[in-house]
Amino acid sequence: MATQAQVLSSFLEQFTTQPKLFFSPGRINLIGEHVDYNDGFVMPAAIDKGIWFAIAANGTGTANFLSTDLKEHYSVDIDKVEKSSSWKNYVLGVLHILSQENHPIKGFDCAFGGNLPVGAGLSSSAAVEGGLIFALNDIFNLGLDRVTMALLAQKAEHTYPGVKCGIMDMFASLNSRADHVTLLDCNTLEYQYFPLQLNNYSIVLINTKVSHSLASGEYNQRRKDCEQGLSLLKQQNGSYTSFRNVPSADLLPYKELLGEVVYKRCLFVTQEIERTQLAARYLQENNLQAFGKLMFECHEGLSKLYDVSCPESDFLVDQAKKHPSIIGARQMGGGFGGCTINLIEKEKTAATVETITAAYHQTFGVTAEVYEMATSNGTYEIVL
Ligand code: GLA
């Protein structure tokens with residue numbers, strides 16, 4: 001974990017150029033999970049944890065990276081970028097995609113690091129990819145808008161890290177507005193900002209500390225299951241052009257055709273798309289109780305139909321259900337661990353969270369981390 005000051009000082013120790021500084025936030029997602037790659041809606045917001053980039057053109061043909069967190073550096077000839085391993089693929093994927101799509105850059109020095117826990121479902125990888133594109137766009141005057149940058153960051157993730165993610169994380173990191181959530185239509189990329197009015201509730205994340213790895217293949221497998229399901233459904237009914245047009249209530253007769261696993265995936269996706277639209281309405285009506293119920297339902301689906309939960313996340317959500325002060329909770333992000341997102345009565349937050357984390361420790365022998373979140377604007381420059 002690095003602070004803004006540490007990123008900057010590590011740059012100044014390592015390089016002789018004069019840097020600019022940028023902040024690229026992580027994100028939460030209130031509801032709409034695993035539907036960004038299925039033409040659904042999502043409701044993310046950028047948070048005040050993220051990755052800082054200190055960066056400067058260096059007048060050469062070499063990109064020099066310093067990971068402030070890991071104290072590792074790596075240099076690469078801009079014209080000879082190849083797939084590598086670990087964190088390097090996130091930055092190299094960006095260089096690769098910029099070159100492929102004809103956005104020419106030159107050599108630069110870059111130190112980066114931050115306070116986003118990796119594998120916690122807070123989009124650390126999107127914050128790295130989106131943040132680097134944003135910074136390069138600035139120092140090399142590429143003239144890219146934020147939506148284009150998000151699309152490029154998504155492609156970067158698809159190529160070198162190899163996770164066939166949707167657009168939500170990059171979009172949220174680059175386009176969010178503080179104190180608002182974004183309702184993003186992942187089909188058209190149209191979006192609206194809603195004020196995040198939580199009355200006497202707060203959003204609290206509880207980190208299971210089970211670090212997921214989307215690259216493990218399970219994420220890509222879910223995507224394949226959904227593609228297979230939709231293609232079979234289309235053959236049955238021409239109006240099922242996208243999951244958006246498949247009412248969840250229509251699915252049962254196709255259970256045998258789809259097979260048990262693909263049926264469950266399709267049922268989750270169609271329900272989650274419907275749920276997110278309803279949730280957006282409840283949020284606008286300030287009906288947080290009803291919104292919270294949908295969060296619990298979402299978790300049920302993630303766990304039983306989409307099979308992306310784990311005993312630790314299920315435990316935290318089950319505990320949440322036992323406390324009347326928590327009106328909604330679910331696992332957040334890609335799944336297989338990471339954080340749960342909880343809507344908790346402000347005044348009772350400390351006591352409730354203490355009881356839950358104590359029970360968690362007793363059951364799993366692990367101390368869960370707790371984050372009370374503040375929202376943030378999308379990626380921005382910090383003028384030095
Ligand atoms: C990860 C992916 C996103 C999205 C979520 C699940 O965070 O990067 O595109 O699919 O999982 O909602």
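None of the values given here were measured: they were computed from a predicted structure. These values consider heavy atoms only, across backbone and side chains, with no hydrogens, waters or symmetry-generated copies. Start at 1 and go down the list; that is how both ligands and their atoms are numbered.
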Can you list the atoms of ligand 1 that are under 4.0 Å from a heavy atom of Met168?
4 (C), 5 (C), 12 (O)
Which atoms from ligand 1 have a heavy atom of Tyr219 less than 4.0 Å away?
1 (C), 2 (C), 3 (C), 4 (C), 9 (O), 10 (O), 11 (O)
Please work out which of the three classes, parallel, tilted or perpendicular, describes the rings of Tyr219 and His34, given edges at 30° and 60°.
tilted
Counting only heavy atoms closer than 4.0 Å, does ligand 1 sit against the backbone of Gln331, its side chain, both, or neither?
neither
Which ligand 1 atoms, with their elements, are less than 4.0 angstrom from a heavy-atom of Asp36?
3 (C), 4 (C), 9 (O), 10 (O)
Please could you name the atoms of ligand 1 that His34 approaches to less than 4.0 Å, counting only its heavy atoms?
6 (C), 12 (O)
Which ligand 1 atoms are under 4.0 Å away from a heavy-atom of Tyr37?
10 (O)
Any non-hydrogen atom of Glu272 lying under 4.0 Å from ligand 1?
no
Do the side chains of Leu278 and Leu343 join up, straight or via other hydrophobic residues, at under 4.5 Å, putting them in one cluster?
yes
Please list all pairs meeting salt bridge (charged side-chain N to carboxylate O under 4.0 Å, His left out) that have one or both residues in residues 183-211, counting only residues at least two apart or in different chains.
Asp185-Arg244, Lys209-Glu369
Counting C-beta onward and ignoring hydrogens, is there a side-chain heavy-atom pair between Thr182 and Met43 closer than 4.5 Å?
no
Judging by distance only, is a nitrogen or oxygen of Val35 under 3.5 angstrom from one on ligand 1?
no
Please determine whether the number of non-hydrogen atoms from other residues, nucleotides or ligands lying under 6.0 Å from atom NZ of Lys293 exceeds 12.
no
Hey, which atoms in ligand 1 end up nearer than 4.0 Å to a heavy atom of Gly333?
6 (C), 11 (O)
Please identify which atoms of ligand 1 are closer than 4.0 Å to at least one heavy atom of Gly166.
9 (O)
What's the shortest heavy-atom distance between Arg275 and Phe268, and which atoms?
NH2-CE1, 3.6 Å
Quick check: Gly334 and ligand 1, any N/O pair under 3.5 Å apart?
yes
Please report the interatomic distance OH(Tyr240) to CG(Asp250), rounded to the nearest 0.5 Å.
3.5 Å
If you measure every N or O of Ser123 against every N or O of ligand 1, does any of those distances drop under 3.5 Å?
no
What pairs of residues pass the salt bridge (charged side-chain N to carboxylate O under 4.0 Å, His left out) test when at least one of them lies in residues 325-339, not counting sequence neighbours?
Glu33-Arg330
What are the atoms of ligand 1, with element, lying closer than 4.0 Å to any heavy atom of Arg27?
7 (O)
Walk me through it: do Tyr263 and Tyr254 pass the test ring pair (Phe, Tyr, Trp, His ring centres under 6.0 Å)?
CA-CA 8 Å; Tyr263 169 74; Tyr254 303 116; 9.4 Å; no
